2 protein chains.
Amino acid sequence: MIDGTVGEAADSIVVQLTEAVHEHRVLPGMKLSEDEVGEIYGAGRTVVRKALQTMAHSGLVTIERNRGAFVTKPSVKEAREVFEARALLEPQTARAAAERTTAAHAAALEAHIHEEHAALDAGEAGRALKLSGLFHVEIARIADQATIESFIRQLVSRSSLVIALYWRRRTALCESHAHHALLDAFRRNNPDQAEELMKGHLVDLVSQLDLREIPEETVSLREALGRC
Amino acid sequence: MIDGTVGEAADSIVVQLTEAVHEHRVLPGMKLSEDEVGEIYGAGRTVVRKALQTMAHSGLVTIERNRGAFVTKPSVKEAREVFEARALLEPQTARAAAERTTAAHAAALEAHIHEEHAALDAGEAGRALKLSGLFHVEIARIADQATIESFIRQLVSRSSLVIALYWRRRTALCESHAHHALLDAFRRNNPDQAEELMKGHLVDLVSQLDLREIPEETVSLREALGRC
DNA sequence: CGGCCCCAGATCGTATACAATCTTCGCCCA
DNA sequence: TGGGCGAAGATTGTATACGATCTGGGGCCG
């Protein structure tokens, strides 16, 4: 393994592959052959299988029996469901986080936002996107809700897939001010405002997607034509 | 395998083991040795490992490195988090379900409740508990929210563990009327009532748990003394 | 010339064998 | 007698080998 520590090879692969998906370096529909992944990370098929299974359970990867593993390509319905679930979980979680935010929390969030901006300025759109998603996970962590955090982590992951497929504009995410506004609400321990901001933020995100019912053929066609 | 179909051996084990946990036939803390499970279900270790990993991802099983798999023993904090997450997801989901409930849906729910009662009358408390949990999953299915349904399925599973550890009374669940009331709200397509009933139902459930902060030693002691 | 069938290559699913790690019991020593 | 050390047993982690299934191409038949 690249990572010297044995025994966590599978986790290492999960982390690296997940990051790659979040940064849109690997796109929905791409095939993840066990041999290929194993060769890339210098691991045996056993550990690769374990890693792919883990990612399948989080929804990032879809395993088709005797066909292989592919980066999940969410349907329009799944895309809607992901953001509907986020709409149920995140505003209330933001409220809880706002009640508990300390100065240390706020500082960490601010650093996070700063990193996000830096990535954007450096033209690393993928990295910025990944950080943008992690921001939402951090909020769940501040709320001290491990269970909900794991759900939000999954939903953010899938959102990344949705964005890869259905993002309307090619321009960078112009939503960083939304995160700033949230940070302000947290810093002032204002639960009502945090909840409302998060609700609006999620609505904004969905509104930038193109979730018209696309015939399944069109999507498949794109896959057929697209070179990986 | 008991199930003749090959290739789905792992799924079969997951289903059977999950059911056993839901029915409190296997209790939190119990060790699930790979060899033992494999022998019981007539499967190799490979497939057992896959099954246990799957259950670990849903939170029912905890895998400790080089120690083995155990039925998860949720802490008090985790127990609270499970029901807090349910409080975020389920009322709104019940509302959505109420808007979409058809006569067929209502009939299926009624049959489900009937089965629940039959199990209770037959003294099969475990089976009744399992069905009671499935009722909540059915609601998410009616709401046509696959993503949320999978979350609720996880939460219901973990709730079963929580109930096994923290249920206050030894008496059967006297909550069946709550499910009846929900069914009525669904049948009359009354979203407001459904949402309120679900909210109250979950509060009732939590109120029947004994979630005082128990010193970790006490729980460990029970494990040390209890014979599996 | 087009469509169907069959075979070869590739890929995944499972079992088995070996290595690493942990637990436990017994022994020795203070 | 109690505590610490060490080796044997048990259990899991990983790799490798074999079998099952699917995909794609070539040949045969209509």
Side-chain angles (χ1 to χ4, degrees), chain A residues 1-17 26 29-57 60-73 220-221 223-228, chain B residues 1-17 26 29-73 220-221 223-228:
Chain A
M1 274 298 306
I2 292 173
D3 185 350
T5 61
V6 298
E8 298 174 353
D11 291 333
S12 170
I13 292 179
V14 169
V15 168
Q16 296 186 56
L17 260 185
V26 305
M30 191 176 292
K31 168 147 191 172
L32 301 172
S33 157
E34 294 181 354
D35 282 334
E36 193 178 355
V37 174
E39 195 171 346
I40 290 173
Y41 294 108
R45 268 203 328 134
T46 304
V47 60
V48 172
R49 280 181 77 73
K50 180 175 175 182
L52 290 176
Q53 252 184 244
T54 299
M55 293 181 72
H57 283 155
L60 265 186
V61 158
T62 301
I63 294 178
E64 298 180 27
R65 183 176 182 76
N66 288 320
R67 296 234 21 242
F70 303 84
V71 180
T72 300
K73 197 183 270 192
S220 299
L221 191 64
E223 172 186 0
L225 297 179
R227 266 198 140 319
C228 214
Chain B
M1 274 300 305
I2 292 172
D3 186 350
T5 62
V6 297
E8 299 175 352
D11 291 334
S12 170
I13 292 179
V14 169
V15 168
Q16 296 186 57
L17 258 186
V26 305
M30 193 176 291
K31 167 147 192 175
L32 301 171
S33 157
E34 294 181 354
D35 282 334
E36 193 178 355
V37 174
E39 194 172 347
I40 290 173
Y41 294 108
R45 267 206 324 136
T46 304
V47 60
V48 171
R49 279 181 77 73
K50 179 176 176 182
L52 290 177
Q53 255 183 240
T54 299
M55 294 180 72
H57 283 136
S58 72
L60 265 186
V61 159
T62 301
I63 295 178
E64 298 180 27
R65 183 174 183 79
N66 287 320
R67 296 236 17 242
F70 302 83
V71 179
T72 300
K73 195 183 272 193
S220 299
L221 191 63
E223 172 186 359
L225 298 178
R227 266 200 141 319
C228 218

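All figures in this text were calculated on a predicted structure; none of them were measured in a lab. What's counted below: heavy atoms across the whole structure, side chains too, no hydrogens, waters or symmetry copies. Chain letters run A, B, ... following the sequence lines, proteins first, then strands; residues in each count from 1.
Among D:dT21, C:dA15, D:dT14, the nucleotide with an atom closest to any side-chain atom of B:Arg45 is D:dT14. Candidate nucleotides D:dG13, C:dT23, D:dT14 were compared by shortest atom distance to the side chain of A:Thr46, and D:dT14 ranks first.
When every heavy atom of A:Leu52 is checked against every heavy atom of A:Ile63, the shortest pair comes out as O-CD1, 4.0 Å.
In this structure, B:Asp35 atom CG and D:dT12 atom P are separated by 6 Å, rounded to whole Å. Straight-line distance from the CZ atom of A:Arg65 to the C1' atom of D:dT23: 16 Å, rounded to whole Å. For the pair B:Tyr41 OH and C:dA15 C1', the computed distance is 20 Å after rounding to whole Å. Rounded to an integer number of Å, the gap from CZ of A:Phe70 to C1' of D:dC22 is 11 Å. When rounded to the nearest whole Å, the span between CG of A:Leu52 and C1' of C:dC12 equals 11 Å. Computed from coordinates, the B:Gln53 CD to C:dG13 P distance equals 13 Å when rounded to whole Å. For the pair A:Lys50 NZ and D:dT12 P, the interatomic distance rounds to 13 Å; values are reported in whole Å. Remark: P of C:dC12 and CD of A:Glu64 are 11 Å apart, rounded to the nearest angstrom.
With sequence neighbours excluded, no residue satisfies side chain to side chain donor-acceptor pair (under 3.5 Å) with B:Thr46.
Taking 4.0 angstrom as the limit, A:Arg49 places a side-chain polar atom (N or O) nearer than this to OP1 or OP2 of C:dG13.
Exactly one of A:Lys50, A:Arg67, A:Arg45 qualifies for a salt bridge (charged side-chain N to carboxylate O under 4.0 Å, His left out) with A:Glu34. That residue is A:Arg45.
A residue-by-residue look at B:Glu34 and A:Arg67 shows that B:Glu34 has its nearest nucleotide of DNA chain D further toward the 5' end. With DNA chain D read from its 5' end, the first of the two nearest nucleotides for A:Gly44 and A:Asn66 is the one closest to A:Gly44.
Contact check for B:Gln16 versus B:Tyr41: side-chain heavy atoms found under the 4.5 Å cut-off.
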